[in-house]
Participant: 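Dropping the structure in here first, questions after.
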Amino acid sequence: MKLVTWNVNSLKVRLPQVLQWLEMNPVDVLCIQETKLTDDKFPQAEIEAAGYQVVFTGQKTYNGVAIISRHPIEAVQKNNPLFEDEQQRIIAATIAGMRIICAYVPNGQALDSEKYPYKLSWLAALRDWVKAEIEQHPQLALLGDYNIAPDDRDVHDPAAWEGMNLVSPAERAAFQALLDLGLSDSFRQFEQPEKTFSWWDYRQLGFRLNKGVRIDHVLLSKPLADRCTSCVVDRVPRKWEQPSDHAPVIATLD
DNA sequence: ATGGCTTAGGTGCTAAGA
């Protein structure tokens, strides 16, 4: 069983790459973020023609999330019922007995931006909702773009980034609060190469110089974490022409 | 060095990303 998260940075632009990647990686569940498409423009037929089911919730220009699955998708929930939000950042569903939550956490922009307290309250509400979801669905996976690098190991230059958005203590505390629900950062269950990241800036040769951060995560509840045999970042599509700035993160379960 | 790319919307530029 392979569960994947990938921020595609516009599904309109990236659909060919998503289909190409799925052909090379026939995974079970692919959670995507930043589709940037209203639902009427979503390429449902193309994804279904590739042999997958898909559910989605989007908006114009910004945000938008979807779950692509090889297995039947049930009990779809759009957005956090505990958090009034016009932005389309969450979609959840039950797939193969697992509760799958696909989340696009607000970026926050900067600590002095009004988007930063929005990010923190959004994360607090996510925690409250996921706590209730785990009680109902012990087999739960929370996948997405968290816009948080949990540890200094997850930042190419921790000194330069210290205290900034994505690594600030309050954001890292919010990430820890999710782990405290009994979730495991599947990437850290295993020995990993140093300087493994999931996002690299388009500018300044960010990818070539591996100046990245690890902000895309697959969090697993205990029953799923116990079945997890690997978690890797696939850098391959980041090398393609006109790539997303994020790479897919793949967790494999027995 | 607060620049540097990329995308969307709309058609010249701004907003946003992380």
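Just so we're on the same page: letters track the sequence lines, and every chain starts at 1.
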Participant: Please report the distance, rounded to the nearest Å, between NZ in A/Lys36 and C1' in B/dG17.
Facilitator: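 Nearest whole value for this atom pair: 7 Å.
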Participant: Please report the distance, rounded to the nearest Å, between CD in A/Gln59 and P in B/dA8.
Facilitator: 14 Å
Participant: Please report, rounded to the nearest Å, how far the C1' atom of B/dT6 is from the CH2 atom of A/Trp200.
Facilitator: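 Result: 16 Å.
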Participant: Select base, sugar-phosphate, or nothing to describe what A/Tyr104 touches, counting heavy atoms under 4.0 Å on all strands.
Facilitator: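 Counting heavy atoms under 4.0 Å across all strands, the contact made by A/Tyr104 is with sugar-phosphate only.
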Participant: Can you identify which nucleotide, out of B/dA8, B/dG4, B/dT2, has its nearest atom closest to the A/Gln204 side chain?
Facilitator: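 For the A/Gln204 side chain, the nearest candidate turns out to be B/dG4.
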Participant: For A/Glu162, which residues count as a side chain to side chain donor-acceptor pair (under 3.5 Å) partner, sequence neighbours excluded?
Facilitator: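 With neighbours one apart ignored, the set is empty.
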Participant: A/Leu15 has an atom CG; how far is it from atom P of B/dA8, in whole Å?
Facilitator: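 The distance from CG of A/Leu15 to P of B/dA8 comes to 13 Å, rounded to the nearest Å.
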Participant: Which listed nucleotide (B/dG4, B/dA18, B/dC5) is nearest to the side chain of A/His246?
Facilitator: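 Per side-chain heavy atoms of A/His246, the pick is B/dA18.
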Participant: For A/Gln242 and A/Val13, work out which heavy atoms get closest and say how close.
Facilitator: NE2-CG1, 3.6 Å
Participant: Without decimals, in angstroms, what is the distance between A/Asp201 CG and B/dG17 P?
Facilitator: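 It is 14 Å, rounded to the nearest whole Å.
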Participant: How are the rings of A/Phe83 and A/Tyr118 set relative to one another: parallel (under 30°), tilted (30 to 60°) or perpendicular (over 60°)?
Facilitator: tilted
Participant: Pick from A/Phe175, A/Trp199, A/Phe187: which one makes a ring-ring contact (aromatic ring centres under 6.0 Å, His included) with A/Tyr146?
Facilitator: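 Of A/Phe175, A/Trp199, A/Phe187, ring-ring contact (aromatic ring centres under 6.0 Å, His included) with A/Tyr146 is met by A/Phe175 alone.
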Participant: Hey, does the side chain of A/Asn147 come within less than 4.0 Å of B/dA18's phosphate (OP1/OP2), counting only N and O?
Facilitator: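 Yes, within the criterion.
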Participant: Distance between the P atoms of B/dA1 and B/dC13, in whole angstroms?
Facilitator: 30 Å
Participant: Which of residues 207-215 of chain A sit near DNA chain B, with a heavy atom under 4.0 Å from it?
Facilitator: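 Within residues 207-215 of chain A, the residues near DNA chain B are A/Val213, A/Ile215.
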Participant: Got a sec, which residues hit ring pair (Phe, Tyr, Trp, His ring centres under 6.0 Å) with A/Tyr116, two or more places apart in sequence or on another chain?
Facilitator: none
Participant: Taking the same atom, C1', in B/dA8 and in B/dG12, what whole-Å distance lies between them?
Facilitator: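 Rounded to whole Å, the distance is 14 Å.
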Participant: At under 4.0 Å, does any side-chain N or O of A/Arg14 touch on OP1 or OP2 of B/dT7?
Facilitator: yes
Participant: If you look at every strand shown and take non-hydrogen atoms under 4.0 Å, does A/Asn7 touch a base, only sugar-phosphate, or nothing?
Facilitator: sugar-phosphate
Participant: DNA chain B: A/Lys12 or A/Pro106, which has the more 5' nearest nucleotide?
Facilitator: A/Lys12
Participant: When you compare B/dA16 with B/dG10, how far apart are their P atoms, in angstrom units rounded to a whole number?
Facilitator: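 About 15 Å, rounded to a whole number of Å.
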Participant: Would you mind building the protein contact string for nucleotides 10-16 of chain B? One character per nucleotide, 5' to 3', B for base within reach (heavy atoms under 4.0 Å), S for sugar-phosphate only, - for untouched.
Facilitator: ------S
Participant: Can you see whether A/Ser244 engages A/Gln17 through a side-chain donor-acceptor pair at a distance of less than 3.5 angstrom?
Facilitator: no
Participant: Before accepting this row, confirm whether a basic side-chain N of the pair A/Asp245/A/Arg203 lies closer than 4.0 Å to the acidic partner's carboxylate O.
Facilitator: no
Participant: Can a salt bridge be assigned to the pair A/Asp185 and A/Arg214 using a cut-off of 4.0 Å between side-chain N and carboxylate O?
Facilitator: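 Salt bridge flag = yes for A/Arg214 with A/Asp185.
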Participant: Rounded to whole angstrom units, what separation is found between the OH atom of A/Tyr202 and the P atom of B/dC5?
Facilitator: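 One finds 13 Å between P of B/dC5 and OH of A/Tyr202, rounded.
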Participant: For nucleotides B/dA15 and B/dG3, find the distance between their P atoms and express it as a whole number of Å.
Facilitator: 14 Å
Participant: Take atom P in B/dA18 and the same atom in B/dT2, then report the distance between them in whole Å.
Facilitator: 22 Å
Participant: Could you tell me if A/Glu74 and A/Thr94 have a donor-acceptor pair between their side chains, going purely by distance under 3.5 Å?
Facilitator: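 Side chains of A/Thr94 and A/Glu74: no pair found under 3.5 Å.
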Participant: Between B/dG4 and B/dT14, how far apart are the P atoms? Round to whole Å, please.
Facilitator: 13 Å
Participant: Between A/Asn165 and B/dG17, does any side-chain N or O lie under 4.0 Å from OP1 or OP2?
Facilitator: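 Looking at the OP1 and OP2 atoms of B/dG17, neither is under 4.0 Å from any side-chain N or O of A/Asn165.
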Participant: Can you tell me the distance, in whole Å, between the CG atom of A/Asp245 and the C1' atom of B/dG4?
Facilitator: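 Distance check: A/Asp245 CG to B/dG4 C1' gives 14 Å.
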Participant: Output all residues satisfying side chain to side chain donor-acceptor pair (under 3.5 Å) with A/Arg127, sequence neighbours left out; order by chain, then residue number.
Facilitator: none
Participant: Find which nucleotide of DNA chain B each of A/Leu205 and A/Leu11 is nearest to by heavy atoms, and output the residue with the more 5' nucleotide.
Facilitator: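 Taking each residue's closest nucleotide, the earlier one in sequence belongs to A/Leu205.
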Participant: Closest to the A/Glu34 side chain: B/dA18, B/dA8, B/dT6?
Facilitator: B/dA18
Participant: Identify whether any heavy atom of A/Asp145 sits under 4.0 Å from a base atom; if not, whether one sits that close to sugar-phosphate; answer base, sugar-phosphate or nothing.
Facilitator: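 The answer is sugar-phosphate, as A/Asp145 gets under 4.0 Å only of primed atoms, P, OP1 or OP2.
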Participant: Output the rounded distance in Å from NE2 (A/His156) to P (B/dA18).
Facilitator: 15 Å
Participant: If the condition is side chain to side chain donor-acceptor pair (under 3.5 Å), which residues does A/Lys41 pass it with, not counting sequence neighbours?
Facilitator: none
